[in-house]
Amino acid sequence: QVQLVESGGGLVQAGASLRLSCAASGRTSSRRTLGWFRQAPGKERDFVAAITWSDGITHYADSVKGRFTISRDTSKNTVYLQMNSLKPEDTAVYYCASTRMPYLITTMTRIDLYENWGQGTQVTVSS
């Protein structure tokens with residue numbers, strides 16, 4: 001079983017940066033791909049970015065391309081989401097998720113492909 005714990009959220013002004021962390025426990029084979037999703041109040045949970053654990057291949061939602069960067073530190077069992085040039089519309093609860101299945105990275109936008117989820121961390125961007 002994989003446990004995921006997010007941290008790093010907060011309240012920032014538009015244009016600022018934040019780095020979210022997702023600490024993962026459990027066997028490496030149980031978390032082949034990790035992803036970040038976000039959910040704004042009254043809206044569905046949306047894909048943000050994903051990364052394969054073994055070789056660091058990434059995939060991004062169009063809305064964050066060029067502003068957000070997903071990375072992983074295998075020595076720390078942690079995945080990061082560096083968020084730059086934040087906008088008020090980035091306000092949401094951000095969730096980390098993992099899957100043990102070797103899906104194509106481009107398919108990892110689907111919520112149903114992930115088996116484990118963290119509790120989320122709130123990001124609020126003021127205008």
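Closest non-hydrogen pair, Ser17 versus Asn84, comes out as OG-OD1, 2.9 Å. In terms of heavy atoms, Ala40 sits closest to Ala92 at N-CB, 3.8 Å.
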Check your understanding: Do Thr74 and Trp53 pass the side-chain contact (heavy atoms from CB on, under 4.5 Å) test, and can you show the C-alpha distance, the side-chain angles, and the key distance before you say yes or no?
Key -> CA-CA 8 Å; Thr74 56; Trp53 187 257; 4.0 Å; yes
Exercise for review: Decide yes or no on side-chain contact (heavy atoms from CB on, under 4.5 Å) for Trp36 and Ile51, but give the supporting numbers first.
Suggested key: CA-CA 9 Å; Trp36 285 99; Ile51 188 167; over 6 Å; no
Practice item. Decide side-chain contact (heavy atoms from CB on, under 4.5 Å) for Thr69 and Tyr60; before the verdict, give the C-alpha distance in whole Å, the side-chain angles of both, and the deciding distance to 0.1 Å. Key: CA-CA 8 Å; Thr69 302; Tyr60 295 92; 3.7 Å; yes
Practice item. Determine, stepwise, if the pair Asp90 / Arg67 fulfils side-chain contact (heavy atoms from CB on, under 4.5 Å). Key: CA-CA 11 Å; Asp90 294 318; Arg67 298 189 300 124; 2.8 Å; yes
Exercise for review: Would you please test Phe37 and Phe47 for ring-ring contact (aromatic ring centres under 6.0 Å, His included) and show each step?
Suggested key: CA-CA 4 Å; Phe37 287 74; Phe47 171 75; 5.6 Å; yes
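Placement of Met101 and Met108 within a single hydrophobic cluster is found when ILVMFWY residues are connected by side-chain heavy-atom separations under 4.5 Å, directly or transitively. In this structure, Tyr103 is a member of the same hydrophobic cluster as Ile111, with clusters built from ILVMFWY side-chain heavy atoms closer than 4.5 Å.
Side-chain N/O atoms of Arg38 and Tyr94 include a donor and acceptor closer than 3.5 Å. A side-chain N or O of Gln122 and one of Thr124 form a donor-acceptor pair less than 3.5 Å apart. Judged by distance alone, the side chains of Asn116 and Arg100 never bring a donor and an acceptor atom under 3.5 Å apart. Judged by distance alone, the side chains of Asp73 and Thr78 never bring a donor and an acceptor atom under 3.5 Å apart. Under the 3.5 Å distance criterion, with hydrogens and angles disregarded, a donor-acceptor pair is assigned to the side chains of Thr99 and Glu115.
A distance-only check finds no donor-acceptor pair linking the side chain of Tyr114 to the backbone of Thr109 [under 3.5 Å]. With hydrogens and angles ignored, the 3.5 Å screen pairs no side-chain donor or acceptor of Ser98 with any backbone N or O of Leu34. When atom types are taken as modelled, the side chain of Glu6 and the backbone of Gly120 share a donor-acceptor pair closer than 3.5 angstrom. For Arg31 (side chain) and Gly26 (main-chain N/O), a donor-acceptor pair under 3.5 Å exists by modelled atom type.
Note that CD1 of Ile70 is 12.0 Å distant from CD of Gln82, once rounded to the nearest 0.5 Å. A distance of 9.5 Å separates OG of Ser63 from CD of Glu89, quoted to the nearest 0.5 Å. One distance of note links OG of Ser25 with CD of Gln1; it measures 8.5 Å at 0.5 Å rounding. Atoms OG and CZ, on Ser85 and Phe68 in that order, are 9.0 Å from each other to the nearest 0.5 Å.
None of Val123, Val125, Leu81, Leu11 except one satisfies the side-chain contact (heavy atoms from CB on, under 4.5 Å) rule with Leu18; the exception is Val123.
Residues Tyr95 and Gln39 are in side-chain contact: their nearest non-hydrogen atoms beyond the backbone lie under 4.5 Å apart.
Using a 4.0 Å cut-off between charged nitrogen and carboxylate oxygen, Asp62 and Lys65 count as a salt-bridge pair.
At most 12 heavy atoms of other shown residues, nucleotides or ligands fall within 6.0 angstrom of atom CD in Gln3.
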